[in-house]
Amino acid sequence: GETGAANLDKAEEATTRLDNLAVAKEMESNNFDWNTRTSNEVLDNPFKEGVPTKEKAKQINDWVKGNTDKYNTKYVKFYHGTGESIPVEGEGLKRTSTTRRRSFQSESGYVYLANTPERAKTFGDLGNNSKSIVYEVIVPISELLPDKDQLNNQRSVGNEIGNTIGESIVYGGGVRVKGDISQWQIKRQTPYTAKEIRMATGWEKGVDGKWRYEVPDGELKISIEDAL
């Protein structure tokens with residue numbers, strides 16, 4: 001009857017709220033394991049900050065060659081910075097085009113990736129009024145391509161370098177890949193704000209460290225202890 005239906009609705013609402021709480025906690029902690037999305041091996045970026053040298057570029061090229069196997073695809077972590085309003089988590093990273101790019105120097109048809117979150121933030125801020133979000137991105141090592149735009153910049157200031165992936169990573173600060181990058185290959189690196197968590201889930205953490213849920217009319221907040 002109506003009473004049973006009402007009770008069922010309440011139970012479903014409570015379940016949804018607790019599911020959202022789990023999401024809120026995950027957003028706050030920003031903990032993530034790529035093994036939950038792929039069974040392929042995911043490697044850390046081999047680049048280490050420091051003075052760029054041809055020897056370091058050669059080491060990176062050897063690393064890329066040694067980890068490229070068409071029968072056993074391995075992924076590597078890079079980073080990308082873009083505007084806050086871009087729905088990356090919902091739509092993935094789209095390749096550059098004449099109408100969708102922040103730098104006229106960037107060649108169309110590619111997604112550009114940086115070695116480190118700091119570099120990605122710098123590049124992202126340049127085209128987004130210092131309001132960019134950084135994402136960690138995994139891509140097949142076999143699909144890495146040199147960022148020729150950045151390599152040309154390096155040659156213009158006197159660096160005698162070629163167009164290898166190693167030189168792109170060591171001297172140019174990153175790489176590029178052809179085409180779009182799917183959602184599952186992307187996770188947010190920039191921490192979520194309390195407001196973003198509240199808007200997405202309805203939950204917020206109080207100054208006492210307890211999670212609370214605000215009902216739509218804004219008149220009541222339920223603590224997690226009450227919910228459980």
Student: Going through the checks in order, is the salt bridge (Lys or Arg N to Asp or Glu O under 4.0 Å) test met by Glu167 and Arg155?
Tutor: CA-CA 11 Å; Glu167 288 164 316; Arg155 282 189 284 268; over 6 Å; no
Student: For atom CD of Glu160, decide whether the heavy atoms of other residues, nucleotides or ligands shown that lie under 6.0 angstrom number more than 12.
Tutor: no
Student: Please name the residue in the list Glu41, Gln185, Glu136 that meets the side-chain hydrogen bond (donor to acceptor under 3.5 Å, both in side chains) test with Trp34.
Tutor: Glu136
Student: Taking atom CD of Glu26 as the centre, report whether more than 12 heavy atoms of other residues, nucleotides or ligands fall under 6.0 Å from it.
Tutor: no
Student: Answer yes or no for Arg176 and Tyr110: cation-pi contact, defined as NZ/CZ to six-membered ring centre under 6.0 Å and angle to ring axis within 45°.
Tutor: yes
Student: Hydrogens and angles aside, do Asn45 and Lys77 bring a side-chain donor and acceptor to less than 3.5 Å of each other?
Tutor: no
Student: Applying salt bridge (Lys or Arg N to Asp or Glu O under 4.0 Å) between Glu204 and each of Lys210, Lys25, Arg198, report the one that passes.
Tutor: Arg198
Student: Can we call the ring centroids of Trp184 and Tyr75 under 6.0 Å apart?
Tutor: yes
Student: Does Arg188 qualify as a cation-pi partner of Tyr192, given the criterion of NZ or CZ under 6.0 Å from the six-membered ring centre and within 45 degrees of its axis?
Tutor: yes
Student: Would you call Lys205-Glu28 a salt bridge at under 4.0 Å N-O?
Tutor: yes
Student: Going through the distances and angles, do Asn61 and Thr164 end up as a side chain to side chain donor-acceptor pair (under 3.5 Å)?
Tutor: CA-CA 7 Å; Asn61 282 328; Thr164 68; 3.2 Å; yes
Student: What heavy-atom pair brings Gly162 and Leu151 nearest, and what distance separates the two atoms?
Tutor: O-CD1, 3.7 Å
Student: Is it true that the side chains of Ser168 and Asp147 contain a donor and an acceptor less than 3.5 Å apart?
Tutor: no
